[in-house]
Every structure is written in structure tokens, then in C-alpha cells.
*Asks:* 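There's a structure below that I have some questions on.
Reminder, nothing fancy here: chain letters follow the sequence lines and each chain counts from 1.
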Number of protein chains: 2
Amino acid sequence: MSQSRRAGRDLRRRPVAAASDATRRGRLDGRIGFQLRMAQDASFRAFARDTGVRDLRPGRFAAMTVIHNNPGITQTTLSRAIARDKSTVTPLIQDLERRGLVARVRSRTDRRCIALRLTASGEDMLLVLEAHAASHDRRLDRIVGPAKPALIRLLKSITDGLA
Amino acid sequence: MSQSRRAGRDLRRRPVAAASDATRRGRLDGRIGFQLRMAQDASFRAFARDTGVRDLRPGRFAAMTVIHNNPGITQTTLSRAIARDKSTVTPLIQDLERRGLVARVRSRTDRRCIALRLTASGEDMLLVLEAHAASHDRRLDRIVGPAKPALIRLLKSITDGLA
DNA sequence: TATTGTTATACTCTATAACTATA
DNA sequence: TATAGTTATAGAGTATAACAATA
């Protein structure tokens, strides 16, 4: 905090809300890529807005979930699981460690590696986040209805198919 | 360009590729929000990778498409159409104007407003981008197959439903 | 007073390259 | 030489607040 803060009361960017209309978007509207972007954006904003947790955005949440499900995972493996460079993971994990949510232990078999684990308070926090995510998901479920499994399958096939 | 460039040969961030696996992602995998993020990310990277156009990312492309479809649109209206703050649109449009792709004309009826239009070369560029987007979309179409209309509908309902 | 667009400011996310320490 | 993680650096994207011009 080298400089005085002048800006908003809130660190989480992106209020704005969803796109307006009456404006013609042309072919954009029929493009999967564009609609993907709009939906992702809306979901992201809604998650941030609805969640009471004021500083663990979806990225941290995803990392914590992966660590929870793969105790002892290394940073490089984690980086592949969330499709980010390892240099992106370093500060992310440092942040989680600073908050006492993640513990880092040097591996004794390969001293280059660091094994990641959630701390007890990390597990607690994950439960809280899970609850929020679940309620956010219920909202999404209500919107997509019975098409949910199909939607998930389609999204996965896009992710895999474009790799 | 006030400073020397040290980094890569390419301004477009985000190589990396898609997520790896063998790693358990737990409930994340069944979450619409998460899968939306992964698919959007993959689509974004693929678009950037496949497109020959080396410096007009999806955001610019979307803005240009909206301007093309709504000649004379104002910046504020555009900002609503693409769900971004007007202060975000200012530098975006300045960039497009600098490249000679967009023309800005002060409205004579309301001198606060600026009417946006694509220049001739902006229209040309849009055609090139359209071609790339179309080929990217064909790839997506091949992946999602006949489910495309349903997918588009679902994504739109998510965007609208979360507003 | 309200709105359009601009500016000043700043923060998040992400990457590349080079580096250290291991292996 | 190759890999794990860190650091230095940088840029894209986006936002809030305040402001000037205009309505």
C-alpha cells in the first residue's frame, strides 16, 4: 500500500451487471464463443455478488478445491489442473498461505517439490465456499433445468475438443 | 513504448493450453460455473491461437461487430451492449480509432454524444475477423454438433437469468 | 441536476524469461 | 540437462471516482 487509496470501498472489480439490449449484436448472438463469454461473465459477477465471502474469487476457490481433492499435490501439477502457468500459481498459493488456508511442505523424496494441503481453517473455509457455490449452482440449475447434464457435457467437450 | 521490451515475441498472453487431468477436481467438475470458465478459457485461447490476426482480440471484435450492426451508436450504449463500464470503452475505442478502424463523430443534436462508425478499412477488417470467427465457429460446431441451438439458448438464458 | 465521455488511478490476472535449487 | 518453484517485469482488462461539457 504505497499510495493512498482513492477508489471504491470494495476490491472486487466488475459491477456493471449484464448486457443491455435493444442494441443489435448481429452474428455475435449466434456465436458460441461470444455467448460463452457473456454467460461466463454473468456467472462470475453473480458469484461475486451473491457470495458473502468478500475476497476469495472463483480462481482461489478452484485451487482450494483441487488441493482438497488431491492432498499433497505439487504446484506444477495444480497449475496444469487449472490451466495456468506455474508462475501464476506461485502468488496465488502465497496468498492462500498468508491467509492460513494452505500449508506448503517441501517433499523429502524430491526436494524441488512442494506438497500442498489445506489447513484445518482452509477446510472450514472451503465448506463455506462450497455452500455459496452450491447456492449459486442451484440458481443456475433453476435456469437450465433438466438440461444441466447435457450442458455440462457440452462444455466439457468444448474444453477438451479445443485443446 | 517507453521501455524496452524484454518479454516474448508476442503480445497476446495465455499459451498454456487446456487443463491437464489425472488430477481430481471433485465437485468442481459438476459445476456449471466452473465448466463455463474452462470452456470460455479454451475457446478464447483457441481463437487467439488460430486467428491469423495478431492483435484484435475477442473484445475488440465484439465492439466492432456491435458498431457495424448499429452505426452511429454512442459509447455509452455500446458499453451496455458489451457489458462493460464506459470508462473501459474509452481506451478501447481510442485504440480502434488510432488504427483507423473506427470513426468518431460528435452528434450535432446532443453534443455530449459521439456517434461511432466503422471506417471502410474497419469494415474490411471486420470481414477478415468474421472469416476467422466463422472458421473458429465451425470448429466449435463440429464439437457440439446438432446441440448448437440448444447450447446457445442455454447460454443466453444463463446470461439473462443472472442479471 | 443528470448524462456523455475522459482522465487519474489502481487492482486482478496472467504470462515470459531468467534464475536457484535440486534431480 | 531437465524440472520445480521464484522473481522481475510487463501488459491486458477492467473498475471507481471526479471532472468538464452539455442537456
Side-chain angles (χ1 to χ4, degrees), chain A residues 1-17 37 40-41 44-45 48-49 55-63 72-80 82-95 97 104-116, chain B residues 1-17 37 40-41 44-45 48-49 54-63 73-80 82-95 97 104-116:
Chain A
M1 234 156 285
S2 49
Q3 275 300 74
S4 72
R5 309 258 356 289
R6 212 179 61 109
R9 60 211 53 127
D10 212 62
L11 296 181
R12 287 149 293 337
R13 280 299 96 78
R14 30 182 98 192
V16 168
R37 189 156 82 105
Q40 204 280 313
D41 200 58
F44 186 85
R45 288 178 203 265
R49 170 160 35 85
D55 40 78
L56 278 173
R57 330 276 254 52
R60 310 287 150 103
F61 176 41
I73 191 174
T74 67
Q75 292 188 190
T76 296
T77 304
L78 170 62
S79 82
R80 280 192 292 264
I82 60 176
R84 294 292 175 268
D85 191 85
K86 60 191 163 75
S87 71
T88 299
V89 168
T90 295
L92 192 166
I93 292 298
Q94 282 174 343
D95 176 58
E97 188 186 32
R104 293 154 28 100
V105 179
R106 200 107 226 169
S107 160
R108 298 174 51 120
T109 54
D110 183 341
R111 300 188 45 69
R112 292 172 302 181
C113 298
I114 293 174
L116 303 172
Chain B
M1 233 151 286
S2 49
Q3 274 300 72
S4 70
R5 308 253 3 286
R6 209 180 63 108
R9 60 211 53 124
D10 213 63
L11 296 181
R12 286 148 292 339
R13 282 296 99 77
R14 24 185 103 193
V16 168
R37 188 155 83 106
Q40 204 281 311
D41 201 59
F44 187 85
R45 288 180 202 265
R49 169 159 36 83
R54 283 276 131 261
D55 41 78
L56 278 172
R57 329 278 255 44
R60 309 289 151 102
F61 176 42
I73 191 175
T74 68
Q75 291 187 192
T76 296
T77 306
L78 170 61
S79 82
R80 278 192 291 262
I82 60 177
R84 294 293 174 267
D85 191 84
K86 60 191 163 79
S87 72
T88 298
V89 167
T90 295
L92 193 166
I93 291 297
Q94 281 173 343
D95 175 58
E97 188 186 33
R104 293 153 30 98
V105 178
R106 201 107 226 169
S107 160
R108 298 174 49 120
T109 54
D110 183 340
R111 299 187 47 69
R112 291 172 304 183
C113 297
I114 292 175
L116 302 173

*Asks:* May I ask you to say what B:Thr109 touches in the nucleic acid, namely base, sugar-phosphate or nothing, with a heavy-atom cut-off under 4.0 Å?
*Replies:*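 If one applies the 4.0 Å heavy-atom cut-off, B:Thr109 turns out to touch the sugar-phosphate alone, with no base involved.
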*Asks:* B:Arg108 CZ to D:dA21 P: how many Å, rounded?
*Replies:*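 Rounded to the whole Å, the gap is 21 Å.
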*Asks:* Atom NZ of B:Lys86 to atom P of D:dA20: distance rounded to whole Å?
*Replies:*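 Taking atom P of D:dA20 as the reference, NZ of B:Lys86 is at 14 Å.
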*Asks:* Of A:Gly59 and B:Ile73, whose closest DNA chain C nucleotide lies nearer the 5' terminus?
*Replies:*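 Nearest nucleotide further toward 5': that of B:Ile73.
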*Asks:* Does the side chain of B:Leu78 reach to within under 4.5 Å of the side chain of B:Ile93, using non-hydrogen atoms?
*Replies:*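 Contact flag for B:Leu78/B:Ile93 side chains = yes.
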*Asks:* The side chain of B:Arg57 lies closest to which of these nucleotides: D:dA15, C:dA18, D:dA12?
*Replies:*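 Of D:dA15, C:dA18, D:dA12, D:dA12 is nearest to the side chain of B:Arg57.
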*Asks:* Between C1' on D:dT16 and CZ on A:Arg45, what's the gap in Å once rounded to a whole number?
*Replies:*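 My rounded result for the distance is 14 Å.
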*Asks:* Atom CZ of B:Arg60 and atom C1' of D:dG13: how far apart are they, to the nearest Å?
*Replies:*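 In whole Å, D:dG13 C1' lies 9 Å from B:Arg60 CZ.
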*Asks:* Nearest-Å distance, CG (A:Asp85) to P (C:dT14)?
*Replies:*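 Atom-to-atom, A:Asp85 to C:dT14, this comes out as 11 Å.
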*Asks:* What distance separates A:Cys113 SG from A:Arg104 CZ, expressed to the nearest 0.5 Å?
*Replies:*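 CZ of A:Arg104 is found 12.0 Å from SG of A:Cys113.
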*Asks:* Quickly work out the B:Leu78 CG to C:dG5 P distance and round it to whole Å.
*Replies:*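 Interatomic distance, CG of B:Leu78 to P of C:dG5: 9 Å.
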*Asks:* Hey, which of these two, B:Thr74 or A:Ser87, hits DNA chain C nearer its 5' end, going by closest nucleotide?
*Replies:*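 Per heavy-atom nearest nucleotide, the more 5' residue is B:Thr74.
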*Asks:* Please determine if a side-chain N or O atom of A:Thr88 lies less than 4.0 Å away from the OP1 or OP2 oxygen of C:dA15.
*Replies:*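 Looking at the OP1 and OP2 atoms of C:dA15, one of them is under 4.0 Å from a side-chain N or O of A:Thr88.
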*Asks:* Given the structure, check if the side chain of B:Arg111 and the base of D:dT22 hold any donor-acceptor pair shorter than 3.5 Å.
*Replies:*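 No.
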*Asks:* Would you mind reading off the distance between A:Arg112 atom CZ and D:dA4 atom C1', rounded to a whole angstrom?
*Replies:*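 Rounding to the nearest Å, CZ of A:Arg112 and C1' of D:dA4 are 6 Å apart.
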*Asks:* I'd like to know if B:Arg45 and B:Asp41 make a salt bridge, using a cut-off of under 4.0 Å between side-chain N and carboxylate O.
*Replies:*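 Looking at B:Arg45 and B:Asp41, the cut-off is met.
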*Asks:* Is it true that, when you exclude A:Arg106 itself, more than 12 heavy atoms of the residues, nucleotides or ligands shown sit nearer than 6.0 Å to its CZ?
*Replies:*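 It does: A:Arg106 CZ has more than 12 such atoms within range.
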*Asks:* Quick one: label A:Thr76 by what it contacts on the DNA or RNA (base, sugar-phosphate, nothing), any heavy atom closer than 4.0 Å.
*Replies:*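 It contacts sugar-phosphate atoms only.
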*Asks:* Quick one: does B:Arg84 reach the base of D:dT14 with a side-chain donor-acceptor pair under 3.5 Å?
*Replies:*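 Donor-acceptor pair under 3.5 Å: no.
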*Asks:* Return the 5'-most residue of the pair A:Asp110, A:Gln94 with respect to DNA chain D, ranking by each residue's nearest nucleotide.
*Replies:*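 It is A:Asp110 whose nearest nucleotide is closer to the 5' end.
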*Asks:* Nearest whole Å is fine: how far is D:dA15 P from B:Leu92 CG?
*Replies:*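 Atom-to-atom, B:Leu92 to D:dA15, this comes out as 11 Å.
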*Asks:* Just checking, is any N or O donor in the side chain of B:Thr74 or B:Thr76 under 3.5 Å from an acceptor N or O on the other one?
*Replies:*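 Judged by distance alone, the side chains do not pair up.
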